[in-house]
Amino acid sequence: MSIDSVKLLGRQVDNATAKRFQSWQFRSIVGVMIGYAIFYIVRKNLSMAIPGMEADPDLGFTKTDLGIFLTLNGVVYGISKFVNGFIGDRVNARWFMMFGLAMCAVCNLIFGMSSVVWMFGLMWVFNGWFQGTGYPPCARVLCHWVHPNQLATKMSIWNTSHSIGAFVALVLCGYIVSFGWRWCFFIPAFIALAGVVFLFFVIRDTPSSVGLPEIAVGKMTEEVEHKRTTAEFKEILKKRVFCNPYIWILSVANFFIYTVRFAFLDWGPTMFQQWMDLTPSQSGWMAGGFEIFGLLGMLVCGWACDRYFAGKAARVSLICTVFSLLAVGCLWLWKINDLPLVGSIAFLFAVGFFIYGPQALIGIAAANIATKEAAASAVGLTGLFAYGSTVLSGWGFGYVAENYGWNCIFISLLAAAVIGAVIQAFLWKAKANGYDD
């Protein structure tokens, strides 16, 4: 059976080339999926360590103190994702990703061995910076190996990597924290070092780096694809990113989407233990289930976007945001009325299912609108706003939970979801991609 080379590459090639491209495409997607999942293992491990660090009499931390760690990490990560987005469009994705993951492992090892506040803060800030080297090379690899008509589906599949990574981190640390909170950093660090070796053998930068033709899309054919000069690249950034109103609207919306997402991801284990009276291992499974249903939501949304919405990711993102708003409200009302735990679990998983759709689709929309020439830069800008939200979801929510309780957190989340939905409504008429501009 012959392979549809036009669907894969946007041009007709011989069957042997199409088969080789398909093999490398699969390998590249799997490679960046596993690699990015490992980034999350050395990033979301802090969430499970927070209750143990708060209870450690030698540290004397409060929720507000630990919330500052989350905020600093998130803000620095957002800035790093923004800056490294420009670098990611210009350098070899394979080496860039390997370097970042190795440095995250080092930061986790030093964090686990520390006992003073300034060293904790310094290492988690550095970890946030090097975490920002994960997404840009993935965006570059995917946009070079996947045709835009398939990007929503395949990028949604890739985007499950952070849910897988967070699930592993939460469940794994939910058990190993019984040996001490420091092990929540040591074991993930060793996993990350193994991941560096894996990336070396599996991923490659672009099709041309392994002797294959680049994907042709619209006016962007093989004849006009070439290494951009600095001046040309700056002009591309200006047109496709900084002077593109759709990219800015996506970025602002992402701030509020991530506020909801991080509230459950970062504070979930603590919330489940203190608000729902669950054990650490039970809270780990609850938070892990939130991620798994988020994974399913991303897959369904990506498929529906390509299948029924002609790749218009912004429309699907808006619909999912509205449903996530309803799920957050139902979860809150169910719990405050002391109804059975099974209902709280169901609504929590519904929040995960619907909030991870927009989390994935906003990045997909930005990458497609900016085209593969500026995809990493565009997702870097949306990421800057996304992780700026940790000012609210990190320090802000830590302060609110400590002084006003978890009910006030839910009121804040409902407000964030409403604002996020209203902003995304302005994107209803946005085109699926910018390749014909």
Open item on the list: More than 12 heavy atoms of other residues, nucleotides or ligands under 6.0 Å from OH of Tyr399: yes or no?
Closed with: no

TODO: Say whether, by atom type as modelled, one donor and one acceptor occur between the side chain of Ser317 and the main chain of Ala313 under 3.5 angstrom.
DONE: no

Open item on the list: So, taking the atom named CZ in Phe293 and the one named CD1 in Ile345, what distance separates them when rounded to the nearest 0.5 Å?
Closed with: 10.5 Å

Task: Donor-acceptor pair, side chain of Glu291 and main chain of Ile164, under 3.5 angstrom - done: no

Open item on the list: Within the 4.5 Å heavy-atom criterion, are Cys173 and Asn45 side-chain neighbours or not?
Closed with: yes

- [ ] Compute the ring centroids of Trp158 and Tyr135, then answer whether they are less than 6.0 Å apart.
- [x] yes

Open item on the list: Tell me whether Asn127 contacts the main-chain N or O of Val42 through its side chain, where contact means a donor paired with an acceptor under 3.5 Å.
Closed with: yes

Open item on the list: Evaluate Thr279 against Gln282 for side chain to side chain donor-acceptor pair (under 3.5 Å), listing each step before the verdict.
Closed with: CA-CA 5 Å; Thr279 65; Gln282 289 173 331; 3.3 Å; yes

- [ ] Taking the six-membered ring of Tyr77 (Phe, Tyr or Trp), confirm whether the NZ or CZ of Arg43 is under 6.0 Å from its centre and within 45° of its axis.
- [x] yes

Open item on the list: With a sphere of 6.0 Å drawn around CZ of Phe242, does it hold more than 12 non-hydrogen atoms of other residues, nucleotides or ligands?
Closed with: yes

- [ ] With rounding to the nearest 0.5 Å, note down the distance linking SG in Cys107 to CG in Asn73.
- [x] 10.0 Å

Task: Sub-6.0 Å ring centroid separation between Tyr356 and His162 - done: yes

Task: Check: Phe255 ring centroid to Phe385 ring centroid under 6.0 Å - done: no

Task: Min side-chain heavy-atom separation Leu381-Trp248 under 4.5 Å - done: yes

Task: Non-hydrogen atoms of Val146 and Gln25 that approach each other most closely - done: CA-NE2, 4.0 Å

Open item on the list: Please find the pair of heavy atoms, one from Cys301 and one from Leu361, that lie closest to each other, and give the distance.
Closed with: CB-CD1, 3.8 Å

Open item on the list: For Val202, is there any backbone N or O sitting under 3.5 Å from a side-chain donor or acceptor partner on Arg27?
Closed with: yes

TODO: Report yes if the side chains of Ser161 and Ile34 come closer than 4.5 Å at any heavy-atom pair, otherwise no.
DONE: no

Open item on the list: Measuring centre to centre across the rings, with the benzene-like ring taken for any Trp, is Tyr36 within less than 6.0 Å of Tyr40?
Closed with: yes

Task: Polar side chain donor-acceptor pair, Ser114 to Arg182, under 3.5 angstrom - done: no

TODO: Would you confirm whether the ring centroid of Phe21 sits within less than 6.0 angstrom of the ring centroid of Trp145?
DONE: yes

Task: Which atom of Ile41 lies closest to which atom of Gly165, heavy atoms considered - done: CG1-O, 3.5 Å

TODO: Report the C-alpha distance between Leu278 and Met286 in whole Å, list the side-chain angles of each, state the deciding distance to 0.1 Å, and finish with yes or no for side-chain contact (heavy atoms from CB on, under 4.5 Å).
DONE: CA-CA 9 Å; Leu278 301 180; Met286 284 278 284; 3.7 Å; yes

TODO: Decide if the gap between the ring center of Phe111 and the ring center of Phe120 is smaller than 6.0 angstrom.
DONE: yes

TODO: Measure from the ring center of Trp275 to the ring center of Phe410 and say whether it is less than 6.0 Å.
DONE: yes

Open item on the list: Ignoring hydrogens, what is the shortest heavy-atom contact between Leu199 and Gly31? Give both atom names and the distance.
Closed with: CD2-O, 3.8 Å

Open item on the list: Ring centroids only, cut at 6.0 angstrom: are Trp124 and Phe185 within range, meaning strictly under it?
Closed with: yes

TODO: Would you confirm whether Ser23, through its side chain, and Arg20, through its main-chain N or O, come within 3.5 Å as a donor-acceptor pair?
DONE: no

Open item on the list: Are Trp129 and Phe126, when compared by the centres of their aromatic rings, separated by less than 6.0 Å?
Closed with: no

Task: Any Trp406 side-chain heavy atom under 4.5 Å of Lys335 side chain - done: no

Task: Smallest separation among heavy atoms of Lys44 and Leu170, with atom names - done: O-CD2, 4.3 Å

Task: Expected output: side-chain Gln131 to main-chain Phe39 donor-acceptor under 3.5 Å - done: yes

Task: Ring centers of Phe347, Trp334 separated by less than 6.0 Å - done: yes

Task: Main-chain N/O of Ala189 paired to Asn108 side chain as donor or acceptor, under 3.5 Å - done: no

Open item on the list: Return the CD1 to CE distance between Ile364 and Met155, rounded to the nearest 0.5 Å.
Closed with: 6.0 Å

Open item on the list: Side chains of Ser80 and Asn84 only: does a donor on one sit below 3.5 Å from an acceptor on the other?
Closed with: yes

Open item on the list: Distance check, rounded to the nearest 0.5 Å: Leu299 atom CG versus Phe353 atom CZ?
Closed with: 9.0 Å

Task: Backbone of Val379 reached by a side-chain donor or acceptor of Thr382 within 3.5 Å - done: yes

Open item on the list: Looking at Thr153, is its backbone amide N or carbonyl O close enough to the side chain of Asp306 to form a donor-acceptor pair, meaning the two atoms are under 3.5 Å apart?
Closed with: yes

Open item on the list: Let's go through Ser251 and Leu384 carefully: what are the C-alpha distance in whole Å and the side-chain angles of both, what is the deciding distance for side-chain contact (heavy atoms from CB on, under 4.5 Å) to 0.1 Å, and is it a yes or a no?
Closed with: CA-CA 8 Å; Ser251 298; Leu384 176 64; over 6 Å; no

Open item on the list: Could you tell me if the side chain of Val91 sits less than 4.5 Å from the side chain of Arg140, heavy atoms only?
Closed with: no

Task: Aromatic plane relationship, Phe262 with Tyr387 - under 30° parallel, 30 to 60° tilted, over 60° perpendicular - done: tilted

Open item on the list: Side chains of Phe290 and Ile355, heavy atoms from C-beta outward: is any pair under 4.5 Å?
Closed with: yes

TODO: Check the surroundings of atom CZ in Phe323: do more than 12 heavy atoms from other residues, nucleotides or ligands lie under 6.0 Å from it?
DONE: no

Open item on the list: Applying side-chain contact (heavy atoms from CB on, under 4.5 Å) to Ser283 and Met271, what does each step give before you reach the verdict?
Closed with: CA-CA 8 Å; Ser283 69; Met271 180 196 306; over 6 Å; no

Open item on the list: With heavy-atom distances below 4.5 Å as the criterion, would you say the side chains of Ser344 and Leu331 are in contact?
Closed with: yes

Open item on the list: As an exercise, state the distance from CG of Asn254 to CD1 of Ile362, rounded to the nearest 0.5 Å.
Closed with: 4.0 Å

TODO: Just do the side-chain contact (heavy atoms from CB on, under 4.5 Å) check on Lys154 and Ile29 with the steps written out, would you?
DONE: CA-CA 8 Å; Lys154 288 197 166 58; Ile29 293 173; 3.7 Å; yes

Open item on the list: How close do Ile247 and Val241 get, counting heavy atoms only, and between which atoms?
Closed with: CB-O, 3.8 Å

Open item on the list: Working to the nearest 0.5 angstrom, can you tell me the gap between Cys138 SG and Met33 CE?
Closed with: 10.5 Å

Task: Side-chain heavy-atom pair Leu427, Arg315 within 4.5 angstrom cut-off - done: no

Task: Pair Phe200 and Trp95, ring centroids less than 6.0 Å apart - done: yes

